[in-house]
Amino acid sequence: MKRRQVHLRRISCEGFERDDGLYDIVGTLIDTKPFPIELEEKTVAGHEAIHHMTVCLTIDRERLIRDVVATTVDGPHAVCGAITERYRRLIGQRIQPGFTMVVKRLFRAEQGCTHLTELLPPMATTAFQMLWSGADDVTDPDQPEHRNSPLGGCHALKTDGELVRLHFPERYTGKSGGHPT
């Protein structure tokens, strides 16, 4: 079967540790087409950005959002970048279960930019990936150092599963000596 590319969306998320003890997560979304397109306000050459948006979330170790900078580098309309300041509403929110619902509530429909909003869920996942390390995961799941742990967050890392039994025995909740299901 023959096919030809008609659109490319690239989303990337990068995590950085800062000298002041905070963390930056930079999300970037870029949409391109392999051919030129005529939009209402401009012409976009093939392989040039139709949408190029970034969001930088500054968070602390507990995933509390301390700062937000949203930027529209390229958009199909001149007015696209006018919404970026609204994303500062995220300051004070915590990246935790339910975060995506908070994002959808804050930036639904005309209250946000579809493309900037789409960046936020993978950025939240990046926060967990960036902050968790096995060294943080000790004995008490109610302690602050466990808030970033992925244990119990997916099938492979279920707390009564084989991976947890072998690599994190202090967090294993299955039957000792038996094979977890």
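Using a distance-only test at 3.5 Å, with no hydrogens or angles considered, a donor-acceptor pair links the side chain of Arg94 to the main chain of Glu62. Formation of a donor-acceptor pair under 3.5 Å by the Glu41 side chain with backbone atoms of Ala78 is found in this model.
At least one side-chain heavy atom of Val102 sits under 4.5 Å from a side-chain heavy atom of Arg105. When side chains are defined from C-beta on, Tyr87 counts as touching Thr117, because their heavy atoms get closer than 4.5 Å. Residues Thr72 and Cys113 are not in side-chain contact: their nearest non-hydrogen atoms beyond the backbone lie 4.5 Å or more apart. In this structure, Leu131 and Ile59 have side chains that are in contact, with non-hydrogen atoms separated by less than 4.5 Å. A 4.5 Å side-chain heavy-atom check between Thr58 and Arg18 finds at least one atom pair inside the cut-off. Using a 4.5 Å heavy-atom cutoff, the side chains of Phe128 and Arg63 are in contact. Contact annotation: the side chain of Glu118 approaches that of Arg9 to within less than 4.5 Å [non-hydrogen atoms, C-beta and beyond]. Considering only heavy atoms from C-beta on, Val44 stays 4.5 Å or farther from Lys33 through its side chain.
If you take OH on Tyr172 and NE2 on His167, they are separated by 13.0 Å, rounding to the nearest 0.5 Å. Summarising the geometry, atom OG1 belonging to Thr125 is positioned 9.5 Å from atom CD1 belonging to Ile25; distances are rounded to the nearest 0.5 Å. Within the model, atoms CG of Leu120 and CD of Gln93 stand 11.0 Å from one another, a figure rounded to the nearest 0.5 Å. Interatomic distance, CD of Glu48 versus CD1 of Ile37, reported as 10.5 Å (0.5 Å rounding). Summarising the geometry, atom CG belonging to Leu29 is positioned 8.0 Å from atom NE2 belonging to His51; distances are rounded to the nearest 0.5 Å. Summarising the geometry, atom CG belonging to Leu116 is positioned 7.5 Å from atom OG1 belonging to Thr84; distances are rounded to the nearest 0.5 Å.
If you chain together hydrophobic residues whose side chains sit under 4.5 Å apart, Val68 and Leu22 never meet in one group. Hydrophobic clustering of Ile, Leu, Val, Met, Phe, Trp and Tyr side chains at less than 4.5 Å, counting indirect connections, keeps Val26 apart from Leu90. Following chains of ILVMFWY side-chain contacts shorter than 4.5 Å, one cannot reach Ile11 starting from Leu8, and the two form parts of different hydrophobic clusters. Phe99 and Leu106 fall within a single hydrophobic cluster, where Ile, Leu, Val, Met, Phe, Trp and Tyr side chains are chained together by heavy-atom contacts under 4.5 Å.
Test Met123, His52, Met53, Arg10 against Thr28 for side-chain contact (heavy atoms from CB on, under 4.5 Å) and you get one pass: His52. For the side-chain contact (heavy atoms from CB on, under 4.5 Å) criterion with Leu57, the lone passing option out of Asp24, Leu119, Ile95 is Ile95.
The aromatic rings of Phe168 and Trp132 lie tilted to each other, with the angle between the two planes from 30° to 60°.
Shown here for Ile83 and Gly112, the closest heavy-atom pair between the two residues is CG1-CA, 3.9 Å. In plain terms, the two heavy atoms of Pro76 and Leu39 that are nearest each other are CB-CD1, 3.7 Å. The two residues Ile30 and Ala49 have their closest heavy-atom pair at CG2-CB, 4.1 Å.
Around the CZ atom of Arg108, the shell of radius 6.0 Å holds no more than 12 heavy atoms that belong to other residues, nucleotides or ligands. Few gaps surround CD on Gln5; more than 12 heavy atoms of other groups in view lie less than 6.0 Å from it. Sparse packing is recorded around NZ of Lys104, with 12 or fewer heavy atoms of other residues, nucleotides or ligands lying under 6.0 Å away.
Arg88 has a carboxylate O that lies under 4.0 Å from a charged side-chain N of Asp67, or vice versa, which qualifies the two as a salt bridge.
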Can you check side-chain contact (heavy atoms from CB on, under 4.5 Å) on Met130 and Phe16, steps first, answer last? CA-CA 8 Å; Met130 174 172 79; Phe16 301 93; over 6 Å; no
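Checked by atom type, the side-chain pair Gln111/Arg86 shows a donor-acceptor distance below 3.5 Å.
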